[in-house]
Amino acid sequence: MNNKLKRDFYQREDVLQISKDLLGKYLVTNFEGQLTAGMIVETEAYRAPDDKASHAYLNRFTDRTKVMFEAGGVAYIYLCYGIHHMFNVVTAQEGIAHAILIRAMEPVDNIELMQQRRQFDRLKPQLTAGPGVMSKALGILTQYTGTSLVAPDSPIWIEDRDHIIPPEAIVASPRVGVDYAEECASWPWRFRVKNSKWTSKAK
DNA sequence: CACGGGATCGTCT
DNA sequence: GACGATCCCGTGT
């Protein structure tokens with residue numbers, strides 16, 4: 001229980017494997033003493049330099065994307081459509097811009113606060129189904145981009161609570177919202193827990 | 001349930 | 001100046 005994932009977990013080469021391994025893990029935030037958490041049920045892999053859907057395609061290095069080149073175990077958070085704070089896990093060794101978008105989780109700890117942040121008066125699957133709304137429920141903002149997920153004092157981390165997702169319970173499909181990425185758009189790099197009602201809608 | 005559009009702003013051209 | 005790794009609400013069936 002309460003076993004925080006360490007650098008070794010994040011710094012492996014195979015971003016697809018890590019994306020699957022993250023299913024069933026617990027994403028936790030603790031801002032100003034307010035802890036909230038949920039079990040990850042949906043992820044998407046982005047693998048520069050060859051992936052046209054990645055912000056770091058062809059190793060494009062800008063103020064925004066530079067954090068993706070750091071060693072695995074930090075957060076890459078960016079603003080989408082001026083509204084949504086998208087939370088990604090940076091993986092692999094320094095210099096390799098692999099990242100995993102966390103798309104949905106099953107709410108677990110302090111559901112009341114997550115509902116408050118979303119202005120929900122009762123629990124519905126939409127509370128944390130989708131990358132933008134999941135971040136809102138957890139209180140994650142773009143200003144936390146670059147935050148370590150492994151440092152002892154980090155406000156964001158991922159835990160193993162011994163919840164096993166067997167391989168046959170993982171469904172792979174194309175990623176969402178990446179039609180512009182040509183041949184990469186069809187790559188089955190979106191991973192979901194089969195039969196979970198907490199995942200975002202199928203396309 | 002399918003669809004169409006508006007919100008809203010940092011980032012890159 | 002255009003647009004996006006989204007979401008929600010309105011309309012119509």
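Both backbone and side-chain heavy atoms feed into the values below; hydrogens, waters and symmetry mates do not. Order of the sequence lines sets the chain letters (A, B, ...), proteins ahead of strands, with each chain counted from 1.
- By the 6.0 Å contact criterion, CD on A:Glu112 is open, its count of non-hydrogen atoms from other residues, nucleotides or ligands being 12 or less.
- For DNA chain C, the contact window with chain A, defined by any atom under 4.0 Å from a protein heavy atom, covers C:dG4 to C:dC8 in 5' to 3' order.
- Under the 3.5 Å distance criterion, with hydrogens and angles disregarded, a donor-acceptor pair is assigned to the side chains of A:Thr36 and A:Thr29.
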Pull out every protein N or O sitting under 3.5 Å from an N or O of nucleotides 2-4 of chain B, one pair per line with the distance.
none

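- Among residues at least two apart or in separate chains, salt bridge (Lys or Arg N to Asp or Glu O under 4.0 Å) pairs with a member in residues 66-75 of chain A are A:Asp63-A:Lys66.
- Partners of A:Glu106 by side chain to side chain contact (heavy atoms under 4.5 Å, CB included), not counting sequence neighbours, listed by chain and number: A:Met39, A:Val41, A:Trp198.
- Taking the six-membered ring for Trp, A:Tyr144 and A:Tyr76 have ring centres at least 6.0 Å apart.
- Side-chain atoms of A:Lys20 do not come within 3.5 Å of backbone N or O of A:Leu16 as any donor-acceptor pair.
- Relative orientation of the A:Tyr26 and A:His163 rings is perpendicular, given thresholds of 30° and 60° on the angle between their planes.
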Distances under 3.5 Å between protein N/O atoms and the N/O atoms of nucleotides 8-13 of chain B, please, pair by pair.
from	atom 1	to	atom 2	distance (Å)
B:dT8	O2	A:Tyr81	O	2.2
B:dC12	OP1	A:Thr62	OG1	2.3
B:dC12	O3'	A:Arg60	NH1	3.4

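- Ring centroid separation for the pair A:Tyr46 and A:His55 does not come in under the 6.0 Å cut-off.
- In this structure, A:His85 contributes its side chain and A:Thr142 its backbone to a donor-acceptor pair below 3.5 Å.
- Under the 6.0 Å distance and 45° angle rule, A:Arg12 does not count as a cation-pi partner of A:Tyr10.
- When hydrophobic clusters are built by joining Ile, Leu, Val, Met, Phe, Trp and Tyr residues whose side-chain heavy atoms come closer than 4.5 Å, directly or via intermediates, A:Ile100 is grouped together with A:Ile170.
- With a cut-off of 3.5 Å on both pairing distances, the Watson-Crick and G-U wobble pairs of DNA chain B assemble into stems of 3 or more at B:1-7 with C:6-12, B:9-12 with C:1-4.
- Between A:Arg175 and A:Ser186, the side chains place no donor N or O within less than 3.5 Å of an acceptor N or O (distance only, hydrogens not considered).
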